[in-house]
Asker: 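Below is a structure I'd like to ask you about.
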Amino acid sequence: MQLIDSHGRIHDYLRLSLTSHCDLRCLYCIPEDGEHPFLDNRWMTAEEIYGIAGIFKQAGINKIRLTGGEPLVRKDIQKIMDYLARLRVPLSMTTNGVRLAEIIDLVEAGFLESINISLDTLRRDRFFAITKRDKFDTVFGNISSLIGMKVKLKLNVVVMRDINDDEVNDFVELTRFWPIEVRFIEFMPFSGNGWGQKKIVGAGELMRLIGQKYSCHKVPDHKHDTARKYQVEGHRGKIAVISTITQPFCSGCNRIRLTADGKMKNCLFSQTEEDLLMPYRAGRDILPLIRRSLRAKAAQTGGQLPFGSEEWEAESLINRSMITIGG
Ligand code: SAM
């Protein structure tokens, strides 16, 4: 069985948000008005996550990423990972890295195929300015302790003009000895996140900046990859750029998102959502709902993001904040 949208794209990758709470307050992710998302009892329980993920697997999903909010703030994270391991689908996680030490046994036991850790700066004071929490040493220490373990490690760096764009090559330097992939992500617009077109450092500009100091060549990407990968000569790790804004990669999209309160989003920027949790709780077959949502998927960026106009603002988007979608 396959999940195909009306543009012929096969969807086999589920990004599952476990919570809309987070222990960091990143300025680009959480709305400035501090919107506080959902009551806990609206979230999917571990058993519901397992049940719904199982239905997605039967429909053709063959990769699951746990995200949030911050997935590791869920007290039952070990139970959730135990359940999902039973599905025998490669599992990965996107995390801020603060609580990684708490699941180190599961990482060592091979529960996760890959871990993406968000880190936007290598400076302690700037980390505090971006996240409002003094956790740089913890995060960097946790990353260091994962190096050499049998798990793919990627660092997610959101590059913002005049905030951290002067550190791009410091991040590239990390790949000299660490066999990790450093991914530079273009700053994306969400309501209330202070976005503006001038704050984007686009993929082209990023590669020029890197090219001034390093020589690198393109390496092959998988057709569903959002990141365009490069190898810096002589480095053990790789770098990559995720150009959601300047060069969207929607034609190869294979992703479905499920929010922590059980709403399916067929795109990060989709304007509509399909509630799966209430029908699931009521014992209904949710597969037709999944297919209906997928059929409605827009060809590109949720049918939103009218680029090119300097006047355009993030507030005109119809969407949730990133923390409540799950990145
Ligand atoms: N708490 C986890 C974390 O920090 O990785 C997972 C959730 S977070 C929403 C997932 C990813 O989305 C992170 O790598 C984060 O940097 C990215 N992200 C959030 N807001 C963004 C924005 N406005 N533009 C680009 N990336 C963003």
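Values in this document were obtained by computation on a predicted structure and should not be read as measured data.
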Asker: Checking R65 against T94: is there a side-chain donor and acceptor pair closer than 3.5 Å?
Answerer: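 Distance-only check passes for T94 and R65.
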Asker: Determine whether more than 12 heavy atoms belonging to other residues, nucleotides or ligands lie under 6.0 Å from atom NZ of K135.
Answerer: no
Asker: For a quick check under 3.5 Å, do D120 and N164 share a side-chain donor-acceptor pair by atom type?
Answerer: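 Per modelled atom types, D120 and N164 side chains form no pair under 3.5 Å.
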Asker: Does the ring of Y230 carry K218 above it, NZ/CZ under 6.0 angstrom from centre and within 45° of its axis?
Answerer: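 Checked: cation-pi criterion met.
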Asker: Tell me whether L112 shares a hydrophobic cluster with Y13, the cluster being built from Ile, Leu, Val, Met, Phe, Trp, Tyr side chains joined at under 4.5 Å.
Answerer: no
Asker: Would D5 and R295 pass as an ion pair if we require N to O under 4.0 Å?
Answerer: no
Asker: Answer yes when R183 and D225 have at least one side-chain N-carboxylate O distance shorter than 4.0 Å, and no when they do not.
Answerer: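 The answer is no: the pair does not qualify as a salt bridge.
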Asker: Taking side chain as C-beta onward, heavy atoms only, is I61 less than 4.5 Å from I55?
Answerer: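 Result no, sub-4.5 Å side-chain heavy-atom pair not found.
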Asker: K229 and D221: salt bridge (Lys or Arg N to Asp or Glu O under 4.0 Å), yes or no, with the steps?
Answerer: CA-CA 7 Å; K229 290 193 282 298; D221 300 314; 3.6 Å; yes
Asker: Looking at F190, does the NZ or CZ of R320 lie under 6.0 angstrom from its six-membered ring centre and within 45 degrees of the ring axis?
Answerer: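 Relative to the ring axis of F190, which defines the angle, R320 lies outside at least one limit.
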Asker: With salt bridge (Lys or Arg N to Asp or Glu O under 4.0 Å) as the criterion, how do K199 and D165 come out once you've worked through the C-alpha distance, each side chain's angles and the decisive distance to 0.1 Å?
Answerer: CA-CA 10 Å; K199 291 193 186 157; D165 53 337; over 6 Å; no
Asker: Is it true that E70 and T95 share a donor-acceptor pair across their side chains at a distance under 3.5 Å?
Answerer: yes
Asker: Judged by atom type as modelled, is there a donor-acceptor pair below 3.5 Å linking the side chain of R257 to the main-chain atoms of G326?
Answerer: yes
Asker: Report the distance from atom CG of N96 to atom SG of C26, rounding to the nearest 0.5 Å.
Answerer: 7.0 Å
Asker: Compare every heavy atom of H7 with every heavy atom of A298, then report the nearest pair and how far apart it is.
Answerer: C-NE2, 3.6 Å
Asker: Judged by atom type as modelled, is there a donor-acceptor pair below 3.5 Å linking the side chain of E181 to the main-chain atoms of K152?
Answerer: no
Asker: Using 0.5 Å steps for rounding, measure from the CG atom of N116 to the CG atom of L153.
Answerer: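 Result: 9.0 Å between the selected atoms.
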Asker: Which heavy atom of E113 sits nearest to which heavy atom of P90, and what is that distance?
Answerer: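 So the two residues come closest at OE2-CB, 3.7 Å.
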Asker: In residues 282-291, what donor-acceptor pairs under 3.5 Å come from side-chain atoms, sequence neighbours left out?
Answerer:
| unit_1 | atom_1 | unit_2 | atom_2 | d |
| --- | --- | --- | --- | --- |
| D285 | OD1 | L287 | N | 3.1 |
| R291 | NH1 | Q2 | O | 3.0 |

Asker: Cluster question for you: counting only ILVMFWY and a side-chain heavy-atom cut-off of under 4.5 Å, with indirect links fine, are I143 and I104 together?
Answerer: yes
Asker: For residues Q231 and V219, report the shortest heavy-atom separation together with the two atoms involved.
Answerer: CB-CG1, 3.8 Å
Asker: Distance from H11 atom NE2 to N254 atom CG, nearest 0.5 Å?
Answerer: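 It is 7.0 Å, given to the nearest 0.5 Å.
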Asker: For the hydrophobic clusters of this structure (ILVMFWY residues joined by side-chain heavy atoms under 4.5 Å, transitively), does one cluster hold both V157 and F128?
Answerer: no
Asker: For atom CZ of R86, decide whether the heavy atoms of other residues, nucleotides or ligands shown that lie under 6.0 angstrom number more than 12.
Answerer: yes
Asker: Return the CD to OG1 distance between E167 and T121, rounded to the nearest 0.5 Å.
Answerer: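 So the gap between those two atoms works out to 3.5 Å.
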Asker: For S270 versus Q304, what's the shortest heavy-atom pair and its separation?
Answerer: C-NE2, 4.2 Å
Asker: Distance alone, cut at 3.5 Å: any donor-acceptor contact between the side chains of K57 and N62?
Answerer: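 The answer is no; no qualifying pair exists.
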Asker: Hey, could you give me the CD1/CZ distance between I103 and F111, rounded to the nearest 0.5 Å?
Answerer: 10.5 Å
Asker: To the closest 0.5 Å, what do you measure between CD1 (I49) and CG (L18)?
Answerer: 5.0 Å
Asker: If you measure from the Lys or Arg side-chain nitrogens to the Asp or Glu carboxylate oxygens, is any gap between K198 and D162 under 4.0 Å?
Answerer: no
Asker: Where is the tightest heavy-atom contact between T301 and C250, given as atom of each residue plus distance?
Answerer: N-SG, 3.4 Å
Asker: Would you call E274 and K263 a salt bridge, taking side-chain N to carboxylate O under 4.0 Å as the test?
Answerer: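 A salt bridge is absent here (no side-chain N lies under 4.0 Å from a carboxylate O).
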Asker: State plainly whether the residues R133 and D23 are in salt-bridge range, i.e. N to O under 4.0 Å.
Answerer: no
Asker: Check the orientation of H222 and H224. Use parallel for under 30°, tilted for 30 to 60°, and perpendicular for over 60°.
Answerer: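 Ring orientation of H222 relative to H224: tilted.
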Asker: Please tell me if the side chains of M188 and I245 come closer than 4.5 Å, counting only heavy atoms from C-beta onward.
Answerer: yes
Asker: Taking all heavy atoms of F187 and all of I200, pick out the closest pair and write down the distance.
Answerer: O-CG1, 3.8 Å
Asker: Treating K265 as the side-chain partner and E273 as the backbone partner, does any N or O pair qualify as donor plus acceptor under 3.5 Å?
Answerer: no
Asker: Side-chain contact, heavy-atom cut-off 4.5 Å: K297 with C253?
Answerer: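 Of all side-chain heavy-atom pairs linking C253 with K297, at least one is under 4.5 Å.
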Asker: Could you tell me if the ring centre of Y214 sits under 6.0 Å from that of H235?
Answerer: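 Distance test on ring centres: under 6.0 Å, yes.
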Asker: Applying the 4.5 Å side-chain criterion to the ILVMFWY set and letting contacts propagate, would I10 and I64 be lumped into a single cluster?
Answerer: no
Asker: Is the shortest side-chain N to carboxylate O distance from E173 to R176 below 4.0 Å?
Answerer: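 A salt bridge is present here (some side-chain N lies under 4.0 Å from a carboxylate O).
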Asker: Given side-chain contact (heavy atoms from CB on, under 4.5 Å), test F56 with L276 step by step and report yes or no.
Answerer: CA-CA 11 Å; F56 272 105; L276 301 184; 3.8 Å; yes
Asker: Count I, L, V, M, F, W, Y as connected when their side-chain heavy atoms are under 4.5 Å apart, and connections chain through other members. Are F136 and I147 then in the same cluster?
Answerer: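 Cluster IDs for F136 and I147 match.
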Asker: Strictly under 6.0 Å, is that where the ring centroids of F171 and W178 end up?
Answerer: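 For F171 and W178, the ring centres are not under 6.0 Å apart.
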Asker: What orientation do Y50 and Y83 show, parallel under 30°, tilted 30 to 60°, or perpendicular over 60°?
Answerer: parallel
Asker: Is a donor on one side and an acceptor on the other found under 3.5 Å between the side chain of N266 and the backbone of S293?
Answerer: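 Pair found, side chain donor or acceptor close to backbone of S293.
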Asker: Listed by chain and number, what are the side chain to side chain donor-acceptor pair (under 3.5 Å) partners of T67, not counting sequence neighbours?
Answerer: none
Asker: Does any non-hydrogen side-chain atom of I210 lie less than 4.5 Å from one of N169?
Answerer: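 Yes; the side chains approach each other to less than 4.5 Å.
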Asker: Have E186 and S243 got a donor and an acceptor in their side chains that come within less than 3.5 Å?
Answerer: no
Asker: Give a yes or no on whether the backbone of C22 and the side-chain of R25 come within a donor-acceptor separation of less than 3.5 Å.
Answerer: yes
